[in-house]
Structures are given as structure tokens and as C-alpha cells.
Amino acid sequence: METDVLIIGSGIAGLSLALKLAINHKVTVLSKSAINEGSTSYAQGGIAGVLDPFDSIEAHVNDTLTAGAGLCDPKAVAVVATHAGETIQELIQLGVPFSKEQNQNAQNSEFPFHLTKEGGHSHRRVIHAADHTGKSVADTLIKTVKHHPNIQILPEHISIDLILHPKSKECMGAYVLNKLESQVYSIKAQFTVLATGGASKAYLYTSNPDTSTGDGIAMAWRAGCRITNMEFNQFHPTCLYHPRDRSFLISEAVRGEGGILRLPNGYAFMQDYDKRADLAPRDIVARAIDQEMKKHGIDCVYLDISHKDPDYVKNHFPTIYKRCLAVGIDITKETIPVVPAAHYTCGGIHTNLDAKTDITRLYAIGETAYTGLHGANRLASNSLAEGLVFAKIAHCSIEKAFAQNKPFDQNFQPKPWDTSRITDAKEKILVSHDWDELRRVMWDYVGIVRTDKRLKRALQRIRNLQKEIYEYYCQHTLTSDLLELRNLAMVAELMILSAQKRKESRGLHYNLDYPKLSKRAKPTILDPKKLFKAPKPCKKTRH
Ligand code: FAD
Ligand code: SIN
């Protein structure tokens, strides 16, 4: 199969880029599950951007730099803060039903939308659609791309690895498994874009959907791209603690609208940790909760919004209200039991400010990319904004590359995928056991608080798992579970190696052996040329 641009991923980053490119080019979008399955559809709080005349780009920049704990790239921050507003306006034009301002006094006829606040923001600048912003954005984007004559969407297609030209080493597309037909084939493209989302499924407890297995990061690393800042996995402070609903997020906007974190005895403990109390950046709040849970030997803390008017709560947080009610908690009357959970991958594929990776013809955007925006900790609601802004940037960059018309080897034919000497797995338990072990090791040893000893132990375990997984991969028919496990194990290794390199505590990375902040802040850049030992080729060669 051939296309002009292959976009791997159908979240906010992939779909907004597809829409722009499709004006002039044939675009193929892969989605490894249903087209709407990915973190984007679960986003609650909203999208950060300077939209209020009393707010300023400078304030958004400063808040992002402060949350990022000295490790953001100021150029990337300036780019996102400057362009987030116009990309949000494009979503408004497309018809995303953002919530309107209800308060008559605060209504501004030129900009009728409600802006909420979240941790670390000095101003109300988060546009939202109640507490289902991601679903509203995804629904609108999907409706727009679905019948576009230049966009081919392939759901249930998981990309396995990138295809590099044997001589020029340019990216020529990807090998893809059609999950419904269990067939592997190659898609050749002039430009390939990784928009595969994050890797929070590496942890036992996560707010993320099943798609967040770091596939793009693992594929890029195997192909030769640098990967940066993987030690900074963000833990969201407030996921619902309930045996039946462990991975449901309680939006930070609940605290933005007045929610207070309490101990079981009602004490509002965040005032003891930070002068911004419940609205301190996420790393601080998650660590405070972890500390209180350990200190008091409790399983969770409590988020309280019951002091607000019940209608206000139901209108602002209809999804959270209904979901909590379904498990027996009326948030207008009771507190919500919450715990931190893995939420966002701040590091990723090293890209420049043109969204280019280290490999020619290969781009990366959205959560899979490291642009320098988030530094050591992401500011709430900056992720959707980053996805939108870097999709716009990638569009300009790819259009420029098309215009330059650099020679592309039209005659290149990828080697066909060889499945002649592999067998169907007799038992699935090996894969599911490895999944559980990997996620538990990461949660126990590479979580909110780390030590050198725990990291060393984690690395040993993950490397053992990698050997087992690779052997299995070489011998058996491919399934998406197996491909994702192989990727997660690789990404887990990168997270640990990065954490070991950082001899300080900064932002989301907190190591008891190095509790202080170094004077010099620098990103952790892992280079596969120095670190990646490709395993011996499978005896039963695949391609
Ligand atoms: P995703 O939306 O995760 O999409 C990834 C896509 O890649 C999916 O289509 C997936 O199927 C596909 N894919 C992955 N691997 C492969 C493969 N190998 N082959 C083919 N396809 C593949 N951020 C904010 O800014 N504001 C918020 O309010 C907010 N709330 C959040 C709430 C929750 C519960 C979660 C989980 C996240 C939230 N975030 C929020 C973070 C934000 O939603 C994500 O960072 C963002 O949506 C990522 O978008 P993306 O396009 O990069 O990836
Ligand atoms: C939330 O609604 O709390 C999530 C916001 C984000 O991850 O940016």
C-alpha cells in the first residue's frame, strides 16, 4: 500500500494534522483500536490557551516554566503559548461545543466561553466542554475527517515497526498488523508521522486507556531516534479510588473550582505543603498525597466539593457526578476517595521545533514527542494545546518538504513480512503474566518516590522480561498484546535508564538518594547509537 503521508495515531495530534494535510495530499491514518480510542477522548479539564484579554502570553509562559521546574525549553514554551489560542479558535470554527459562560456579569459577547482554572495556572485560561472536553473534541474531529475524500482511516491497524531505506536510512513508512485479519503488510509513504500518544500503561495504576503503551517511542528508538526525559512520568493526584473504578480520573478542574483535599478526619493538608495549597502543580500535590498516605497508613485521601452549590457541581462536572454516583458516591454531598495514578509521559521522541525527529521523513507530535514544552512536569491542560500547536507546525514543515521535492525512491519495495516459520501461541498466559509483572515492577520501583536500589532492581527485572518477550516475539504469531508488551518493556527500560542518569530530584523525578536540586538543569537525552544493542535477528526472520 502507498500513501503521501502516513499518520500513526488518531488522537487530537494525528487527526488535526490529517485535516490540514488533506487539503493537498493523500493521507492514511492508522488507529490500533477504534478510531476514537486514545487519551484524547478521555480528557476532562480542558485546553490551555490565552483567550481572555486580561490574561497574557507572558503569564502562560511563566506558569509553564514554573511547573516545568527549570527544565522546559523556553522556545517550545513560547511557541505553544503564542499559538494555542489560534488553534483553539480553529476548533471553535469546526464546531466543538465548548461550555459557555453562565455568569451574566462575566459574559463577554466577543468571547462567550467559560474558562476554568487548574493547578499551577495564575489565570483562568482553560477552555472546556463541561468535564468531557476530550470526547467533544474527538467527536468533532472524527466527524470532519471521516468522509474526507483525501483521508483514509484504518482502525484496528497496529503499526509494528518503521521501515528505513537501506541506503539513505530515510523513513519509508511502516509495517502494520491488521488486527481483524491477522495480516501484516507494509505501507509506503513519503512522510510518516508518529502521533501514538503516551506510555502510562507501563504502570499498574493509570488514568490512561489501553492504547497508551508507548509504541511510537519504542518504534522510534529501534529505528535510531534519540529519546528524551523519560524519567518524568506524571502522576495525576486524583484518580477515583474504588475497587470497581480504579482508573477513572477526577479532573483537576474540581480543585480549580474550589475542591479541597482532605485526610479521613477532614483536615485540609495541602496548606502544609505549598502556599498554593490544592492548586499547587501536580508533582507537588501527588507527592504530598503519597506522603500523607504513607504517614497515616491509609489507602486514599478525599477530595471535597460538597460545599459548592449542587446544581453548579452537576453542571460543571456531569461525567464525574454520574460516574461517582454509579459507584454509590454523591459528590454534591460526600467526599470522593482519590489516589494518584500514572497519567502523562512528559518525555518522548526527541523533536525539534519543526516536529522533525532524528530520521529524515519521520515526524512526531502529541504526547509521544518530546518538544521541550513540559520540562520536569507538565502544566495542566497544556497537552491538548501542544498536540494542536505541533500538528500545525508539522503541517507547515511537511508542506515545505513537499515543496522542496527532495528525491524519494519510488522504486523502493519493503521486504515482505515473513510469517512462514512461526506458530500460533499455545497459551496466552505467558504474555498476560509478563504484562502484570512489568506494570507492578514499574509501580513499585519506579513510582512517585525512587531510590537507586529500587531502580537497579527494576532494571534487572525489566531486562529479564525483555529477553523472554523477544524470544516469544520471534516464535509466535503476532497479536497486538504481544506487540504492545514488547514496546512497553522497551519504554520501561528507557524510563529506568533516564531515572538512573538523573542524580538530583526535580519536578516529577524524586529520588531519596539525591533529594536536592542541582544547580544546572539539563534534559536526559538517550541516544540509541550509544545505548541500543539490537537483539540478534530472530532465527525465524520476519523481514
Ligand atoms: P492519543 O489521544 O493518546 O492518541 C494516540 C493514538 O495512537 C490512538 O489513536 C491509538 O490507537 C494510536 N496508536 C498508538 N499506538 C499505535 C500503533 N502502534 N499503531 C497504530 N496506532 C497506534 N490533557 C489536557 O491538555 N487537558 C485535559 O483535560 C486532559 N485530561 C486528561 C484526562 C485523562 C483521563 C487522560 C488519560 C489524559 C488527559 N490529558 C489531558 C492528556 C491528553 O488527553 C493527552 O496527552 C492527549 O490527548 C494525547 O493526544 P495524542 O493525540 O498525542 O494521543
Ligand atoms: C484533568 O482534567 O485533571 C486533566 C488535565 C490534564 O491532564 O491536563
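Heavy atoms only: backbone and side chains are in, while hydrogens, waters and symmetry mates are out. Both ligands and their constituent atoms are indexed starting at 1 by order of listing. Note that the numbering runs from 1 along the sequence shown for the chain.
Here is the list of ligand 1 atoms found below 4.0 Å of a heavy atom in E37: 8 (C), 9 (O), 10 (C), 11 (O). In the vicinity of Q44, heavy-atom distances shorter than 4.0 Å reach the ligand 1 atoms 28 (O), 30 (N), 31 (C), 32 (C). Listed by number with element, the atoms of ligand 1 under 4.0 Å from a non-hydrogen atom of S159 are 17 (C), 18 (N), 19 (N), 20 (C). Listed by atom number, the atoms of ligand 1 under 4.0 Å from A195 heavy atoms are 5 (C), 6 (C), 7 (O). Residue-ligand proximity, I12 to ligand 1, at heavy-atom distances under 4.0 Å covers atoms 49 (O), 51 (O). Under a 4.0 Å criterion applied to the non-hydrogen atoms of Q44, ligand 2 contributes the atoms 2 (O). For ligand 2, the atoms lying closer than 4.0 Å to a non-hydrogen atom of H236 are 1 (C), 3 (O), 4 (C). Of all the atoms in ligand 1, the ones that sit under 4.0 Å from a non-hydrogen atom of L249 are 32 (C), 33 (C), 34 (C). Per-residue contacts place G45 under 4.0 angstrom from the following atoms of ligand 2 (heavy atoms of the residue considered): 1 (C), 2 (O). Heavy-atom contacts of A380 reach the following atoms of ligand 2: 8 (O) (cutoff under 4.0 Å). With ligand atoms numbered from 1 in the order given, ligand 1 contributes 25 (O) to contacts under 4.0 Å with heavy atoms of N382. Close approach of ligand 2 to E118 (heavy-atom distance below 4.0 Å) involves ligand atoms 1 (C), 2 (O), 3 (O), 5 (C). Set against the non-hydrogen atoms of E252, the atoms of ligand 2 under 4.0 Å away are 1 (C), 2 (O), 3 (O). Close approach to A13 involves these atoms of ligand 1, each under 4.0 Å from a residue heavy atom: 51 (O).
At a 3.5 angstrom cut-off on N or O pairs, S39 counts as close to ligand 1. Considering both main-chain and side-chain atoms, T211 never comes within under 3.5 Å of ligand 1 through any nitrogen or oxygen pair. For the pair L384 and ligand 1, the shortest N or O to N or O distance falls below 3.5 Å. Among the atoms of S10, some N or O lies under 3.5 angstrom from an N or O of ligand 1. At least one N or O atom of K32, backbone or side chain, sits closer than 3.5 Å to an N or O atom of ligand 1. Geometrically, ligand 2 and N382 share no nitrogen or oxygen pair separated by less than 3.5 Å.
Counted by atom type alone, N36 and S41 present zero donor-acceptor pairs between their side chains at under 3.5 Å. Between the side chains of T319 and D131, at least one donor N or O sits under 3.5 Å from an acceptor N or O. For the 3.5 Å distance criterion, the side chains of N377 and Q234 qualify, holding a donor opposite an acceptor.
For H343, the heavy-atom gap to ligand 1 drops under 4.0 angstrom. Heavy atoms of R378 approach ligand 1 to within less than 4.0 angstrom. Contact between T133 and ligand 1 is absent, with no heavy atom of the residue lying under 4.0 Å from the ligand. Using a 4.0 angstrom heavy-atom cutoff, G387 does not count as in contact with ligand 1. Ligand 1 is never approached by H128 to a heavy-atom distance shorter than 4.0 Å. Distances from ligand 1 to the non-hydrogen atoms of I158 include at least one value under 4.0 Å. Assignment of Q234 to the shell around ligand 2 is not supported, since no heavy atom sits closer than 4.0 Å.
For the pairing with N382, the side chain to side chain donor-acceptor pair (under 3.5 Å) check across H60, H121, E118 returns one residue only, H60.
The residue from L379, T40, I7 that puts a heavy atom closest to atom 47 (O) of ligand 1 is T40. With atom 32 (C) of ligand 1 as the reference point, the heavy atom nearest to it among Y344, F248, Y42 is part of Y42. The heavy atom nearest to atom 26 (N) of ligand 1, considering only G46, S383, G45, is found in G46. Scanning G348, G11, P209 for the heavy atom closest to atom 4 (O) of ligand 1 points to G11.
Distance from atom 29 (C) of ligand 1 to its nearest protein heavy atom, with residue and atom name: A43 CB, 3.5 Å. Nearest protein neighbour of atom 2 (O) of ligand 2, counting heavy atoms only, is S251 OG, 2.7 Å. Given atom 36 (C) of ligand 1, the protein heavy atom at minimum distance is N208 ND2, 3.3 Å. The protein heavy-atom contact nearest to atom 8 (O) of ligand 2 is S381 N, 2.6 Å. Protein heavy atom at the shortest distance from atom 12 (C) of ligand 1 is G9 CA, 3.6 Å.
D52 and R125 are not joined by a salt bridge, as no carboxylate oxygen comes within less than 4.0 angstrom of a charged side-chain nitrogen. For the pair D358 and R226, the salt-bridge criterion is met [side-chain N within less than 4.0 Å of a carboxylate O]. Salt bridge annotation for R124-E101: absent, with no cationic side-chain nitrogen under 4.0 angstrom from a carboxylate oxygen.
Between the side chain of T40 and the main chain of I12, a donor-acceptor pair closer than 3.5 Å is present. Formation of a donor-acceptor pair under 3.5 Å by the Y203 side chain with backbone atoms of H343 is not found in this model. D354 places no side-chain N or O within donor-acceptor distance of the main-chain N or O of K356, the cut-off being under 3.5 Å.
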Go through the steps for M442 and R439 under the test side-chain contact (heavy atoms from CB on, under 4.5 Å), then give the verdict.
CA-CA 5 Å; M442 292 299 286; R439 298 180 70 209; 5.9 Å; no
Could you please spell out the steps behind the salt bridge (Lys or Arg N to Asp or Glu O under 4.0 Å) verdict for R282 and E252?
CA-CA 9 Å; R282 269 182 205 167; E252 192 154 317; 2.5 Å; yes
Applying salt bridge (Lys or Arg N to Asp or Glu O under 4.0 Å) to R486 and D161, what does each step give before you reach the verdict?
CA-CA 11 Å; R486 170 179 175 245; D161 263 318; 3.1 Å; yes
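Looking at every heavy atom in both residues, I227 comes nearest to A220 through CD1-CB, 4.5 Å.
Separating the OG atom in S33 from the CD1 atom in I158 is a distance of 8.0 Å, to the nearest 0.5 Å. I469 CD1 to N487 CG: the interatomic distance, rounded to the nearest 0.5 Å, is 10.0 Å.
Under 4.0 Å from ligand 1, the heavy atoms of D215 that appear belong solely to its side chain. Residue-level proximity to ligand 2 for L249 is carried by the side chain, the only part with a heavy atom below 4.0 angstrom. At a heavy-atom distance under 4.0 Å, only side-chain atoms of R282, from C-beta outward, approach ligand 2. Within the 4.0 Å heavy-atom criterion, neither part of E156 lies near ligand 1.
More than 12 heavy-atom neighbours from other residues, nucleotides or ligands sit within 6.0 angstrom of NZ on K179.
Classification of the H350-Y370 ring pair by plane angle, with boundaries at 30° and 60°, yields tilted. Taking the six-membered ring for Trp and thresholds of 30 and 60 degrees, Y472 and H476 have ring planes inclined between 30 and 60 degrees apart.
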